[in-house]
Amino acid sequence: MSDPNIEKVRDESASEAEERLQHPWLGRFLFGFAIVVSLVHLYFNTFSTLSTLWTSAMHFGLFGALCALSVPLARPQGNGARRLILGVDILLAVAAIGCVIYLMAFEDALYARGVTFTTADWVVSIVAVALVLEFARRTTGWFIPVLCLIALTYVAWWGKYVGGVFNFPGLSWETVLFRSYIGGEGMLGSIARISWTYVFMFILFGAFLVKSGAGDFIIELARCAAGRFVGGPGFVAVFSSGLMGSVSGSSVANTVSTGVITIPLMRKAGFPARFSAGVEAAASTGGQLMPPVMGAGAFIMASYTQVSYLTIIGVAALPALLYFLSVAMFVRIEAKRSNAQHLADPNAPKIGEVLKGGWHFLLPLVVLVASLIYGFTPTYAAAIAIISVIVASWLSKNPMTPRDIIDALALGSRNMITTAILLITVGLIVNVVSTTGIGNTFSLMITDWAGGSLLVTIFLIAIASLILGMGLPVTASYIVLATLSAPALYNLMAHAQLLDLIAAGNLPEQAQAIFMIAAPDQMQALSSPMSMADAKALLDKVPDTFSSQLYEQALSPAFLTMALVAAHMVIFWLSQDSNVTPPVCLTAFAAAAIAGTPQMRTGFTAWKLAKGLYIVPLLFVWSPLITGTPLEMLTVFTFALFGVYAIIAGLEGYLEHELPWWLRLLMFPIGALMLWPHGMLAIDLAGVAIFLAVLLWSARQGRSTPRLA
């Protein structure tokens, strides 16, 4: 089974797109045009003083034209049909550029008329929206264009016929088209700005790293570091996917690039084929969780929360590491259960030799992080890092030549096509959500359905992310979900913290002043501890209109900021589950194709191995893994590591040896105790002690049991 909206489209257009790249004159033109697109975007992000609207419009026009020429309208049969399709695509590419030229030439005239459309304004706006929907269909399938059409027609037409909270009186088509294109709020809004700044620069950075040979170095480093252990090829898959994902930020690309090496290695070592594919899919999914790139998620999160990009990747590091270690735990258990062999290679280089020959590949990442810490914006930091890739390559035996640099520029633009079109298109949906206020309505509905329960809210978001993920790529799914449900999750987190303060009798005086208006007869009770039920009853007396003011008065700005980040991080993590959760799980399907295993069964295996996607986000909400001090974060991380291992042992019924049923059942409460934020160090230490005792017993049992040949 394959995804009818994304995978099928890519498969069907892949051969024709490849033929176009090999075309005598079109291939050379596309190569040169891709280089120009990269150079123009480098100018945008360094020296340009053009307005944001014009830059976003040029971003749409350039990548729209590149998409029209690179990804064909259809898969024609026969030379005549191919020439016809190519002619249509050339016209669409010209139309995309023409829409941009028109906006730049006649923007002032439109405002001079009081934003009253002429015939030309109508035509250009309709063509621009139609073009981006068509380009989205080519790159991601039908789901996103249909969703955009539903959203746009809701605003202009059928929203007024909907009853209840979703009723919307409607806007004229002139206003809808203006806000969608020329007004800079839809296609050319904040999401497009993120696309041509942060996202493009980091994808270009990844392209330079790949052309410099960093990908081969990462895999060799992983093989040397992890391949020497029993079941080492599985650890290589986890390690290499983590390192590669920190650069590429794409789970499918991660699977394809590393899986062709790691999956055959795992099978050769004795791992089952389906398990091997599942490990690669689960580990590659973590690529979008691993700083510094994190797909486009880190940049969008920084824009939504107004928290610095450096802070986002800083708090994302430990959770990402915890996820990869959780997958490695499954690998260790399966290695013992399957009697996976240690693949000794006498000719394999030592890790010191690999580092000696490729240490310079690590310099660009160091330069990137150092630039961010120094205070450069992410775009400037990425530009400096790109230069450092070239300089660092001169320290190797194979320095980047001018041809390599040109190839990297072309590769960066080609790699960006799908992401650029996706983000520009999703801007239409985000604009509709902000225009209609449906995001606030949806947030209130989630809060109402959940009955104020954080756990139920997270469960509802997880279900929504799974459904959206069947048709939307991960980044688009995160944007839509964050727009709709992040406020609800954030408010519930702040609400829970506020309840704790009231119950403990520690409500600040400035916050107590609000209760003088809402519940003056309860002022005396605020100064002393009370039960949680009484605290809730007291807080319920405060009108909703005062809630945000109460949060600001009672809770520290640092907590509120990190709570907002935590809410977005929960949604971002849950949005990844569509990569590994049937019925549509592109990353698992890609791994299954390499391993030659059934797609759906591989998807279920990958879903099991990616349990960290559901466990770790709970720590964002109920523990200081993101919101705490560095010491608190490390403490939570350490005990969570043992807790997750215990739960995985319970799921698998195995550690170093098979566990009896009663020990298997015991692992679940032991793991839950180490994950639960009870704040009692003695309980956590006791849980670690019990788990280590079971682990040692299991290891002794394993040594005393003869291994099968």
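Aromatic ring centres of Phe299 and Phe202 lie closer together than 6.0 Å. Aromatic ring centres of Phe63 and His59: separated by under 6.0 Å. Under the 6.0 Å cut-off for aromatic ring centres, Tyr43 and Phe47 do not qualify, their centroids lying 6.0 Å or more apart.
With rounding to the nearest 0.5 Å, the separation of OG in Ser195 from NE2 in His41 is 7.0 Å. Separation of atoms CD1 (Ile191) and CD1 (Ile194) is listed at 4.5 Å; rounding is to 0.5 Å. Considering CZ of Phe572 and CD1 of Ile300, their distance stands at 8.0 Å, rounded to 0.5 Å. Residue Leu26 holds its CG atom at 10.0 Å from CZ of Arg28, rounded to the nearest 0.5 Å. Taking OG from Ser434 and CD1 from Ile429, the interatomic distance works out to 12.0 Å, rounded to the nearest 0.5 Å. The CZ atom of Phe117 sits 8.0 Å away from the OG1 atom of Thr175 when rounded to the nearest 0.5 Å.
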Verdict with supporting geometry, Ser125 and Phe178, side chain to side chain contact (heavy atoms under 4.5 Å, CB included): CA-CA 7 Å; Ser125 298; Phe178 171 78; over 6 Å; no
Steps toward side chain to side chain donor-acceptor pair (under 3.5 Å) verdict (Ser413, Ser38): CA-CA 6 Å; Ser413 289; Ser38 286; 2.6 Å; yes
Steps toward side chain to side chain contact (heavy atoms under 4.5 Å, CB included) verdict (Leu613, Leu574): CA-CA 6 Å; Leu613 289 178; Leu574 292 176; 6.0 Å; no
Pair Thr483-Tyr304, side chain to side chain donor-acceptor pair (under 3.5 Å): steps then yes or no: CA-CA 9 Å; Thr483 304; Tyr304 273 14; 3.2 Å; yes
Side chain to side chain contact (heavy atoms under 4.5 Å, CB included) between Val129 and Leu152, worked out: CA-CA 10 Å; Val129 173; Leu152 292 173; 4.0 Å; yes
Residue pair Cys99, Tyr181: steps toward the side chain to side chain contact (heavy atoms under 4.5 Å, CB included) verdict: CA-CA 10 Å; Cys99 288; Tyr181 181 59; 3.5 Å; yes
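Between Leu428 and Met187, the closest heavy-atom pair is CD2-CG, 3.5 Å. Cys67 and Thr139 get closest at one heavy-atom pair: SG-CG2, 3.8 Å. Of all heavy-atom pairs between Leu133 and Cys148, the closest is CD2-CB, 3.5 Å. In terms of heavy-atom proximity, Glu280 sits nearest to Thr262 at OE1-OG1, 2.6 Å. Between Ile571 and Ser485, the shortest heavy-atom contact is CD1-OG, 3.6 Å. Taking every heavy atom of both residues into account, Leu368 and Ala385 meet most closely at CB-CB, 4.0 Å.
Within the 4.5 Å cutoff, the side chain of Leu481 has heavy atoms near those of the Ser575 side chain. The shortest side-chain heavy-atom distance between Thr419 and Thr475 does not fall under the 4.5 Å cut-off. The shortest side-chain heavy-atom distance between Leu66 and Phe33 falls under the 4.5 Å cut-off. Side chains of Thr140 and Thr418 form a contact here, defined as non-hydrogen atoms less than 4.5 Å apart. Leu149 is not listed as a side-chain neighbour of Pro145, based on a closest heavy-atom distance of 4.5 Å or more. Proximity of Leu204 to Leu42: side-chain heavy atoms (C-beta onward) are separated by under 4.5 Å at one or more points. Considering only heavy atoms from C-beta on, Leu409 stays 4.5 Å or farther from Val37 through its side chain. Between Met301 and Tyr309, every side-chain heavy-atom pair lies at or beyond the 4.5 Å cut-off.
Using cut-offs of 30° and 60° for the angle between ring planes, the Phe135 and Phe60 rings count as tilted. Using cut-offs of 30° and 60° for the angle between ring planes, the Tyr380 and Phe376 rings count as tilted.
For Tyr198, the OH atom sits in a loose shell: 12 or fewer heavy atoms of surrounding residues, nucleotides or ligands are nearer than 6.0 Å. The number of heavy atoms from other shown groups lying within 6.0 Å of CH2 (Trp157) does not exceed 12.
Side-chain contact, Arg414 with Ser70: no donor N or O sits under 3.5 Å from an acceptor N or O. Between the side chains of Glu107 and Trp54, at least one donor N or O lies within less than 3.5 Å of an accepting N or O. Side-chain atoms of Tyr102 and Asp121 form a donor-acceptor pair, as typed in the model, at a separation below 3.5 Å. For the residue pair Thr255 and Ser284, a side-chain donor N or O sits within less than 3.5 Å of a side-chain acceptor on the partner. Using a 3.5 Å distance cut-off with no hydrogens or angles, the side chains of Thr55 and Trp196 do not pair a donor with an acceptor. Under the 3.5 Å distance criterion, with hydrogens and angles disregarded, no donor-acceptor pair is assigned to the side chains of Ser465 and Tyr478.
Distance alone, capped at 3.5 Å, is enough to place a donor-acceptor pair between the Ser212 side chain and the Leu209 backbone. The main-chain N or O of Leu53 is never found under 3.5 Å from a side-chain atom of Ser56 such that the two would form a donor-acceptor pair. Panel note: side chain Asp407, backbone Asp404; no donor-acceptor pair is recorded below 3.5 Å.
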Which donor-acceptor pairs under 3.5 Å do the side chains of residues 87-95 make with protein atoms, sequence neighbours left out?
residue: Asp89; atom: OD1; partner: Arg138; partner atom: NH1; Å: 3.1
residue: Asp89; atom: OD1; partner: Arg138; partner atom: NH2; Å: 2.8
residue: Asp89; atom: OD2; partner: Arg20; partner atom: NH1; Å: 2.9
residue: Asp89; atom: OD2; partner: Arg20; partner atom: NH2; Å: 2.7
residue: Asp89; atom: OD2; partner: Leu73; partner atom: N; Å: 3.3

Acceptor/donor pairs from residues 582-596 side chains to any protein atom, 3.5 angstrom cut, sequence neighbours excluded:
residue: Thr587; atom: OG1; partner: Ser251; partner atom: OG; Å: 3.0
residue: Thr587; atom: OG1; partner: Asn579; partner atom: OD1; Å: 3.3

